[in-house]
J.: 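The structure follows.
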2 protein chains.
Amino acid sequence: MNIGQASAASGVSAKMIRYYESIALLPAAGRRDSGYRDYGTEDVHRLSFVRRARDLGFSIPQIRSLLALWTDTDRSNDDVRAIAREHLAEMEDQARKLQEMITILTALVGSCEKGRRSACPIIEELGDHKPAPVARARATRRAA
Amino acid sequence: MNIGQASAASGVSAKMIRYYESIALLPAAGRRDSGYRDYGTEDVHRLSFVRRARDLGFSIPQIRSLLALWTDTDRSNDDVRAIAREHLAEMEDQARKLQEMITILTALVGSCEKGRRSACPIIEELGDHKPAPVARARATRRAA
DNA sequence: TGTAATCCTTCCCATCATGGGAGGGTCAAG
DNA sequence: CTTGACCCTCCCATGATGGGAAGGATTACA
């Protein structure tokens, strides 16, 4: 089938299919005499695999590993689990950071007085801190 | 002070300071005769503001709004709260999605048999689904 | 069969925030 | 005055994705 059909069948855009091929995430597709790429059910299978892995947030390098394990019939489940767990750890870390930011911002929003144009910690907090001890000596400036 | 000192004082890299200037997130810095950019404490203040906002995950457009509100003495706290809440909603949405993926992946890892090279749902799941109802009719292919 | 519509190809450009580096000018300390 | 650190402007790269142009292939329909 054509790249467009493979795209529809797998849910991966034609652009991305070509891109994945270009970075060797996927094997170069066969070509017809016309130069058109030609895909079979096996290819669609692989494409779907990639799409689902991306949906789960796996990075391209991780998907590369997963694909190798998938293709390799001698793969060990442990290897697969290891990659998945690695990704899981990353995601959990990301979730922790995100939650932290949510907590801070929620507190800021909560303590920013409604209506009145006065002390809003969102603004104060952002502006008033001096994060790094400045090493400024000669402020020989003429324009501000 | 020089861009390097402003960078050290604010925690924003010199590269980023120039970039922020180029996209007009920051006003163009004054120049000395040499062509060097020149910064004062006010500028460092603004830079720190930007950095902290970035640390909290605000996007550049959002920071642009916050900066305008910060600069504008007639700003209403409500405006600031609105932007913060908008960002908060985005972050919460992101956290939800992330948590969902974590749940799925955790389940998959849990049910992938240890050691034995057999049915590992991480692999099976990824490979066996047909996500999009294929619309292939005329598969006039010659090569598979 | 002719023609138009659709599809495919490659190549270039853009995104967003950030960094790296080259080539060349400036400044401060020795 | 030399030297090393700093700054300047450009250009390139990232990662994953999309847009679009120019041109060839295929298909659909009259």
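Each chain gets a letter, A, B and so on, in the order its sequence line appears, and its residues count up from 1.
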J.: Between C:dG25 atom P and B:R31 atom CZ, what is the distance in whole Å?
T.: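 Spelled out: CZ on B:R31 to P on C:dG25 is 17 Å.
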J.: Looking only at side-chain N and O atoms, does A:R18 come under 4.0 Å of OP1 or OP2 in D:dA16?
T.: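 Checking A:R18 against D:dA16: no side-chain N or O falls below 4.0 Å of OP1 or OP2.
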J.: If you define the side chain from C-beta out and look only at heavy atoms, does anything of B:R54 sit under 4.5 Å from B:V12?
T.: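 In short, these two side chains do not touch, never coming nearer than 4.5 Å.
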J.: Quick one: side-chain contact (heavy atoms from CB on, under 4.5 Å) partners of A:A14, sequence neighbours excluded?
T.: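 Here the qualifying residues are A:I3, A:R18.
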J.: Check this for me, if you would: do A:R96 and A:D93 make a salt bridge, where the nitrogen-to-carboxylate-oxygen distance has to be below 4.0 angstrom?
T.: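 Salt bridge: yes.
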J.: Once side chain to side chain donor-acceptor pair (under 3.5 Å) is applied, do any residues pair with A:E21, and if so which ones, sequence neighbours excluded?
T.: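 So A:E21 forms a side chain to side chain donor-acceptor pair (under 3.5 Å) with A:R37.
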J.: If I take atom CD in residue A:Q62 and atom P in nucleotide D:dG15, what distance separates them, rounded to the nearest angstrom?
T.: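 In whole Å, D:dG15 P and A:Q62 CD are 14 Å from each other.
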J.: Just how far, in rounded Å, is C1' of D:dT26 from CG of A:D38?
T.: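 Distance, rounded to whole Å: 14 Å.
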J.: Can you find a heavy atom in the side chain of B:Y19 that is under 4.5 Å from one in the side chain of B:L25?
T.: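 No; the side chains remain at least 4.5 Å from each other.
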J.: Quickly work out the B:D33 CG to C:dG25 C1' distance and round it to whole Å.
T.: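 Between C1' of C:dG25 and CG of B:D33: 14 Å.
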J.: Distance-only criterion, 3.5 Å: show the donor-acceptor pairs between side-chain atoms of residues 98-108 of chain A and protein atoms not counting sequence neighbours.
T.:
from	atom 1	to	atom 2	distance (Å)
A:T103	OG1	A:Q99	O	2.9
A:T106	OG1	A:I102	O	2.5

J.: Between side-chain atoms of residues 58-68 of chain A and protein atoms elsewhere (two or more places apart, or another chain), which donor-acceptor pairs fall under 3.5 Å?
T.:
from	atom 1	to	atom 2	distance (Å)
A:S59	OG	A:Q62	N	3.2
A:S59	OG	A:Q62	OE1	3.3
A:Q62	OE1	A:S59	N	3.0
A:R64	NH1	A:I23	O	3.2
A:R64	NH1	A:A24	O	3.1
A:R64	NH2	A:I23	O	3.2
A:S65	OG	A:P61	O	3.2

J.: Using a 4.0 Å heavy-atom cut-off to protein, can you give one letter per nucleotide of nucleotides 13-21 of chain C, 5' to 3': B if the base is in contact, S if only the sugar-phosphate is, - if neither?
T.: ----BBSBB
J.: How long is the line joining CG of A:D55 and C1' of D:dA16, in whole Å?
T.: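 The distance from CG of A:D55 to C1' of D:dA16 comes to 14 Å, rounded to the nearest Å.
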J.: Could you write out each protein N or O paired with an N or O of nucleotides 4-6 of chain D at a distance under 3.5 Å?
T.:
from	atom 1	to	atom 2	distance (Å)
D:dC6	O2	B:Y36	OH	3.0

J.: Between A:I17 (CD1) and C:dC7 (C1'), how many Å, whole number?
T.: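 Taking CD1 of A:I17 and C1' of C:dC7, I get 14 Å after rounding.
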J.: Hey, does A:R37 reach any base, or is it just sugar-phosphate, or nothing, if we go heavy atoms under 4.0 Å?
T.: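 Contact class for A:R37: sugar-phosphate only.
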J.: Between A:S7 and A:S13, which heavy-atom pair has the shortest distance, and what is it?
T.: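 The pair with the smallest heavy-atom distance is OG-CA, 3.6 Å.
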